[in-house]
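First comes the structure, then the notes that go with it.
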Amino acid sequence: MCSRSGAEHPMTRRRLVAAAGAGLLLAGCAQTRRSAPLSPELLHSGIRLQRSLPAVLPSGAQVLPQAQLVLLPGESAAGMLMPVPFVAEAIGAAMDRSEAASEATQLAGVHPFVLAQQAWTGSALLSGSPDALPLQPFAFLQACVDDRYRVALVHQLSRADWIARYTVHLPSSYDSAAFHKVTPALLQTLEAEMREGSAILRRLVERGARGELQAGSGATIQRADIGSLHLVGNRTAGLVSPNLVLARGAELIEQDGDHVLVRMDGDPSQPASAGGLFFGVHWLRRDQLHTFRRL
């Protein structure tokens, strides 16, 4: 809050500086998880598809009931209006749950798990072994600062405290009004893009299993600063523009005229607005990036 003279309140200034530091220096976060390539040891029994969601999701995420869909809501108006933090948090959480239930009803025909089953048919990696590495297919639906939703399709592998995440950011974004009143045309587009994304994810996991997703080693690793509303779509702590929050020094695995393939470290438990989607290997179209700066 500002005084009548227009001077910034000291507490607001401290919050802004702290939020900016958190947004711009995410690589230094104490909880940052290292994204490492697949190893042959982990894949000795193959993989199996598992219809479940990861135990760790971005803070504030709302799971859509009966679906492998995870809603990442935008900044809640409750937090802007309520001066008591825990009251605002409770109201915001109730609003998010209500939104998630509404989205689930609208998107009941979208099935990331079924599409993954179809995409993985015939893969030599698939196994019926009880010791096979579980693969969880799901999607993030992120409400962004420009009043649009963006969708990220994910295949996550995990064992004990080790995880690997592969993410394809789907090409279309959706106006909020349209996304809250889903039409057959929107569902058709979303399913078609998820089907294509599932095929891309299978190829990425299989390439990873063959050791083809290495960005090099030591000084030979190509790196880049990456920024996209598909990664961070809302203001960090309600203050820092998403355009300022970058994945610093991401490993650049490959690039061409249409897309980039990068590996990022990150903390999957952080809010999406603070880099909670960074972790893992990402397939991004060039036109989805607002920042791409090779180092």
Side-chain angles (χ1 to χ4, degrees), residues 46-58 60-73 96 99-123 125-127 132-144 148-158 163-174 178-180 182-208 230-231 233 259 261 268 272 276-285 288:
I47 66 169
R48 58 181 172 83
L49 300 184
Q50 178 173 295
R51 188 166 188 165
S52 64
L53 290 171
V56 177
L57 292 170
Q62 294 293 325
V63 175
L64 275 61
Q66 310 302 316
Q68 299 302 107
L69 304 173
V70 178
L71 177 67
L72 303 173
D96 293 343
E99 184 178 3
S102 173
E103 302 292 4
T105 301
Q106 297 286 333
L107 299 171
V110 179
H111 301 289
F113 181 81
V114 173
L115 293 173
Q117 285 181 312
Q118 295 168 358
W120 278 92
T121 299
S123 173
L125 278 181
L126 278 183
S127 169
L133 196 61
L135 183 153
Q136 298 165 299
F138 66 98
F140 287 119
L141 315 176
Q142 183 179 193
C144 298
R148 301 190 71 81
Y149 279 84
R150 290 173 172 83
V151 182
L153 190 63
V154 182
H155 283 184
Q156 180 162 310
L157 299 155
S158 61
I163 62 173
R165 179 179 288 178
Y166 298 82
T167 303
V168 168
H169 299 270
L170 303 187
S172 295
S173 64
Y174 304 91
F179 211 62
H180 285 83
V182 174
T183 64
L186 187 150
L187 282 175
Q188 185 176 14
T189 298
L190 184 56
E191 182 171 348
E193 292 187 356
M194 281 194 175
R195 188 179 303 279
E196 182 179 358
S198 297
I200 294 172
L201 285 167
R202 170 183 165 171
R203 292 197 294 271
L204 290 179
V205 175
E206 290 179 329
R207 288 179 62 191
H230 287 257
L231 292 166
H259 80 280
L261 187 63
L277 298 187
F278 280 4
F279 176 81
V281 173
H282 295 260
W283 194 96
L284 285 148
R285 293 167 55 96
Q288 292 173 330

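Here the structure is a predicted model, which is why all the values come from computation and not from measurement. The figures that follow rest on heavy atoms only: side chains count, while hydrogens, waters and symmetry mates do not.
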* Asked: Restricting to pairs with a member in residues 182-193, which pass salt bridge (charged side-chain N to carboxylate O under 4.0 Å, His left out), not counting sequence neighbours?
  -> Glu191-Arg195

* **Heavy-atom side-chain contact between Thr167 and Val281 under 4.5 Å** => no

* Structure fact -> When rounded to the nearest 0.5 Å, the distance separating CG of Leu71 from CG of Leu57 is 11.5 Å

* Which atom names give the shortest non-hydrogen contact between Ala178 and Leu186, and what distance separates them? -> O-CD1, 3.9 Å

* **Criterion side-chain contact (heavy atoms from CB on, under 4.5 Å) on Phe279 and Ile163, from CA distance to verdict** => CA-CA 10 Å; Phe279 176 81; Ile163 62 173; 3.6 Å; yes

* **Qualifying residues under side-chain contact (heavy atoms from CB on, under 4.5 Å), relative to Arg148, sequence neighbours excluded** => Asp146, Arg150, Ser173, Asp175

* For Gln68, enumerate each residue passing the side chain to side chain donor-acceptor pair (under 3.5 Å) test, keeping only those at least two apart in sequence or located in another chain. => none

* To do: Kindly write out the residues that satisfy ring-ring contact (aromatic ring centres under 6.0 Å, His included) with His169, not counting sequence neighbours, or none if the list is empty.
  => His282

* Asked: Shortest non-hydrogen contact from Gly60 to Pro73?
  -> O-CD, 3.5 Å

* Structure fact -> CG (Leu133) and CG (Leu125) are apart, to the nearest 0.5 Å, by 10.0 Å

* Asked: Quick one: are Gln142 and Leu277 in side-chain contact, heavy atoms under 4.5 Å?
  -> yes

* **Qualifying residues under ring-ring contact (aromatic ring centres under 6.0 Å, His included), relative to Phe113, sequence neighbours excluded** => none

* Go through the structure and list residues passing salt bridge (charged side-chain N to carboxylate O under 4.0 Å, His left out) with Arg48, not counting sequence neighbours. => none

* Does a side-chain heavy-atom distance below 4.5 Å link Leu72 with Pro58? -> yes

* Given side chains that start at C-beta, do those of Arg165 and Phe278 come closer than 4.5 Å, heavy atoms only? -> no

* **side-chain contact (heavy atoms from CB on, under 4.5 Å) between Gln118 and Val114, worked out** => CA-CA 6 Å; Gln118 295 168 358; Val114 173; 3.7 Å; yes

* To do: Could you tell me whether a side-chain N or O of Ser123 sits under 3.5 Å from a main-chain N or O of Trp120, the two making a donor and an acceptor?
  => no

* Structure fact -> Hits for side chain to side chain donor-acceptor pair (under 3.5 Å) against Gln288, two or more places apart or cross-chain, chain-then-number order -> none

* Any Ser172 side-chain heavy atom under 4.5 Å of Leu190 side chain -> no

* To do: Could you tell me whether the side chain of Gln136 reaches within less than 4.5 Å of the side chain of Val154, counting heavy atoms only?
  => no

* Would you mind reporting whether Ile47 and Leu126 have side-chain heavy atoms less than 4.5 Å apart? => yes

* List in chain and number order the residues that pass side chain to side chain donor-acceptor pair (under 3.5 Å) with Ser127, two or more places apart in sequence or in another chain; answer none if no residue qualifies. => none

* For Leu53 and Val63, what are the C-alpha separation, side-chain angles and deciding distance, and is it a side-chain contact (heavy atoms from CB on, under 4.5 Å)? -> CA-CA 9 Å; Leu53 290 171; Val63 175; 3.4 Å; yes

* Qualifying residue, where the test is side-chain contact (heavy atoms from CB on, under 4.5 Å) with Leu135 and the options are His155, Gln156, Arg202 -> His155

* Which heavy atom in Val151 sits nearest to a heavy atom in Ala139, and how many Å separate them? -> CG1-CB, 4.4 Å

* For Arg285, enumerate each residue passing the salt bridge (charged side-chain N to carboxylate O under 4.0 Å, His left out) test, keeping only those at least two apart in sequence or located in another chain. => Asp287

* Asked: Given side chains that start at C-beta, do those of Leu201 and Leu153 come closer than 4.5 Å, heavy atoms only?
  -> yes

* **Pairwise distance CE(Met194) to CG(Leu69) - rounded to 0.5 angstrom** => 5.5 Å

* Sequence neighbours excluded, which residues qualify as ring-ring contact (aromatic ring centres under 6.0 Å, His included) partners of Phe138? -> Phe140

